[in-house]
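Okay, structure first, notes after.
In what follows, every heavy atom counts, from backbone to side chain, and hydrogens, waters and symmetry copies are set aside. A, B, ... follow the sequence lines: proteins, then strands. Residue 1 opens every chain.
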2 protein chains.
Amino acid sequence: MITLTEENYIKAIFHLGKQGSATVSTNALAEAMHTKASSATDMIKKLAEKNYANYKKYQGVSLTAEGKLVALNIIRKHRLWEVFLVDKLNFTWDQVHDVAEQLEHIKSQKLIDELDAFLDFPTHDPHGDPIPDKHGKFEHVEKTSLSNAKEGGSYVCVGVNDSSVDFLKYLDNNDIALGTTIKVLHKEPFDHSIKIAIDGRELMVSQVVGKNLYLKEN
Amino acid sequence: MITLTEENYIKAIFHLGKQGSATVSTNALAEAMHTKASSATDMIKKLAEKNYANYKKYQGVSLTAEGKLVALNIIRKHRLWEVFLVDKLNFTWDQVHDVAEQLEHIKSQKLIDELDAFLDFPTHDPHGDPIPDKHGKFEHVEKTSLSNAKEGGSYVCVGVNDSSVDFLKYLDNNDIALGTTIKVLHKEPFDHSIKIAIDGRELMVSQVVGKNLYLKEN
DNA sequence: ATTTTTATTTAGATAGGTCTAAAAAATAAG
DNA sequence: CTTATTTTTTAGACCTATCTAAATAAAAAT
């Protein structure tokens, strides 16, 4: 039996190390879990014990194939529930995260299969992140952050890095949503702020925004 | 903060004592929770401490007004999720219980309000049990068990006492569902079995079935 | 009214997840 | 290449929810 806490640690390792393959430091994991390094160490040992994680003392942690499957399954559930909340229950994209964090731990294969069908097999969640299929496979989008986008280029918004309420509200307030076309007018070398155009309207955004907004070429 | 386990104990007290008002014995509670009397005692103390339960040593336990509200809220969520599972996700009435037991603990007022609206404000769950409203109020149906029904009387099935998979499958196999009209042809004094008629078809049912099937007069 | 039985409570132990404080290893600095 | 700093691990403790075994109270029986 896998506990709720174990699932959350596995998910955190998956997100910190790219797809769980890269090795994650104890401190980084502890910080992500809002806990202390000693607690993280204990849990890492347990996950290694149960064969969800690879671990050598002082060497950080990564996920085993089995651990990755667990992570992908949780992510699949999380993102499907997010789609449900937004499409069917009138949640906005900044309201879904906390609830989905709870719903993702519900255990029932039939539930998630039926939910998937009920939502018409969505491929992306409300933040533009891809939804893994039953086998943990999902399309990888060739996305770049706005900060890495080319001056003069034309892009489409495909996702966000930061899903915090504050950031998502900021985007809403500035009419930036998934699918919005964004032109990169000027990248300021001094403070790394960026001037962009949305539907012809010009907007100045900070480096922080640039790093948290994902685009694909248009 | 109320824990998952506390919620489950409160729910059990509510169901064992009629609406939580009647006093429930430690042993009965322990049995319902599939645990031992000593564990039940510990939890009862904690619930009393937190003002969810009334408790005097050796005198059993009942719910306070606050405890009852908690119970009704959980029941409301449980039953709304059951409706969702059956109406939207193709679950049958014998498949919903375990999943609803998990879903009932999700914390989000908006979620439950929106779900209620999405389901078009249902008043009863798939087993015929009434769904409390936001304030814990719900219609009380004047129901009797088949065992207590009058010989020669005509009734409508309005609910079940036992929601186990076995019993619900038995009902399905014999074409008994919510709303099915049932005539009581003969009550056998010897073994308390009952001969009934469903759509003109005759059926012999045992005392156990009689006690677990709820009817209202027609 | 005493004894026996049953129900309930207490005491002490265990497991999961957390913490603080201290020890050990790895890394950085001089 | 030592010393200082940071990171990680260990040791010991706490809290929740559980258990077993023993003690106590209540109920039933003689």
Side-chain angles (χ1 to χ4, degrees), chain A residues 1-17 20 22-63 66-67 70-71 74 101-102 104-107, chain B residues 1-17 20 22-63 67 70-71 74 101-102 104-105 107:
Chain A
M1 200 50 214
I2 187 164
T3 70
L4 192 147
T5 313
E6 284 165 2
E7 286 192 347
N8 282 329
Y9 270 93
I10 289 172
K11 195 175 50 148
I13 296 169
F14 185 92
H15 282 128
L16 289 174
T23 156
V24 172
S25 81
T26 304
N27 264 359
L29 183 56
E31 194 188 357
M33 296 298 297
H34 305 105
T35 182
K36 296 299 157 69
S38 54
S39 306
T41 301
D42 287 347
M43 181 54 77
I44 290 169
K45 281 187 197 164
K46 187 147 62 113
L47 293 179
E49 189 79 23
K50 291 192 174 186
N51 205 38
Y52 294 122
N54 308 114
Y55 172 58
K56 282 215 217 80
K57 274 192 193 178
Y58 298 100
Q59 307 276 115
V61 64
S62 63
L63 294 180
E66 200 180 334
V70 170
I74 300 169
E101 288 275 300
Q102 299 177 63
E104 73 189 5
H105 299 290
I106 304 289
K107 283 166 183 50
Chain B
M1 200 50 216
I2 187 164
T3 70
L4 193 147
T5 313
E6 284 165 4
E7 287 192 347
N8 283 328
Y9 271 93
I10 288 173
K11 195 176 50 147
I13 297 169
F14 186 91
H15 282 128
L16 289 174
T23 155
V24 172
S25 80
T26 304
N27 264 359
L29 184 56
E31 195 188 356
M33 294 300 297
H34 303 106
T35 181
K36 296 299 157 70
S38 54
S39 307
T41 300
D42 286 349
M43 182 54 78
I44 290 169
K45 281 188 198 165
K46 189 149 57 116
L47 293 179
E49 189 78 24
K50 291 192 174 187
N51 204 38
Y52 294 122
N54 308 115
Y55 172 58
K56 283 215 215 79
K57 275 192 192 179
Y58 298 101
Q59 306 276 114
V61 64
S62 63
L63 293 181
V70 171
I74 301 169
E101 288 275 300
Q102 298 177 63
E104 72 189 5
H105 299 290
K107 282 166 182 51

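- Rounded to whole angstrom, the span from the OH atom of B:Tyr9 across to the P atom of D:dT16 amounts to 15 Å.
- Computed from coordinates, the A:Asn8 CG to C:dG16 P distance equals 17 Å when rounded to whole Å.
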Only distances under 3.5 Å count here; give the side-chain donor-acceptor pairs of residues 34-42 of chain A to other protein atoms, sequence neighbours excluded, each with its distance to 0.1 Å.
from, atom 1, to, atom 2, distance (Å)
A:Thr35, OG1, A:Ser39, OG, 3.4
A:Thr41, OG1, A:Ala37, O, 3.1

| Nucleotide-resolved protein contact map, nucleotides 23-29 of chain D, B/S/- at heavy-atom distance under 4.0 Å | -BSS---
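- If you measure from atom NZ of A:Lys50 to atom C1' of C:dG16, you get 10 Å, rounded to the nearest angstrom.
- If you check every strand for non-hydrogen atoms under 4.0 Å, B:Thr41 touches a base.
- Rounding to whole angstrom units, OH of residue B:Tyr55 and C1' of C:dT10 are separated by 10 Å.
- Residues forming a side-chain contact (heavy atoms from CB on, under 4.5 Å) with B:Glu31 (at least two apart in sequence, or on another chain): none.
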Identify all side-chain donor-acceptor contacts of residues 51-63 of chain A below 3.5 Å with residues at least two apart in sequence or on another chain.
from, atom 1, to, atom 2, distance (Å)
A:Asn51, ND2, A:Glu66, OE1, 3.4
A:Asn54, OD1, A:Ser62, OG, 3.3

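- Residues A:Glu6 and A:Met1 share a closest heavy-atom pair of OE1-O, 4.0 Å.
- Of the residues in residues 32-40 of chain A, those placing a heavy atom less than 4.0 Å from an atom of DNA chain C are A:Thr35, A:Lys36, A:Ser38, A:Ser39, in numerical order.
- Closest approach of B:Ala12 and B:Leu29 over heavy atoms only: CB-CD1, 3.7 Å.
- The side-chain contact (heavy atoms from CB on, under 4.5 Å) search around B:Gln102 returns A:Ile106, A:Lys107, not counting sequence neighbours.
- The two residues B:Leu16 and B:Ala32 make their nearest non-hydrogen contact at CD1-CB, 3.8 Å.
- Remark: P of D:dT8 and NZ of A:Lys56 are 16 Å apart, rounded to the nearest angstrom.
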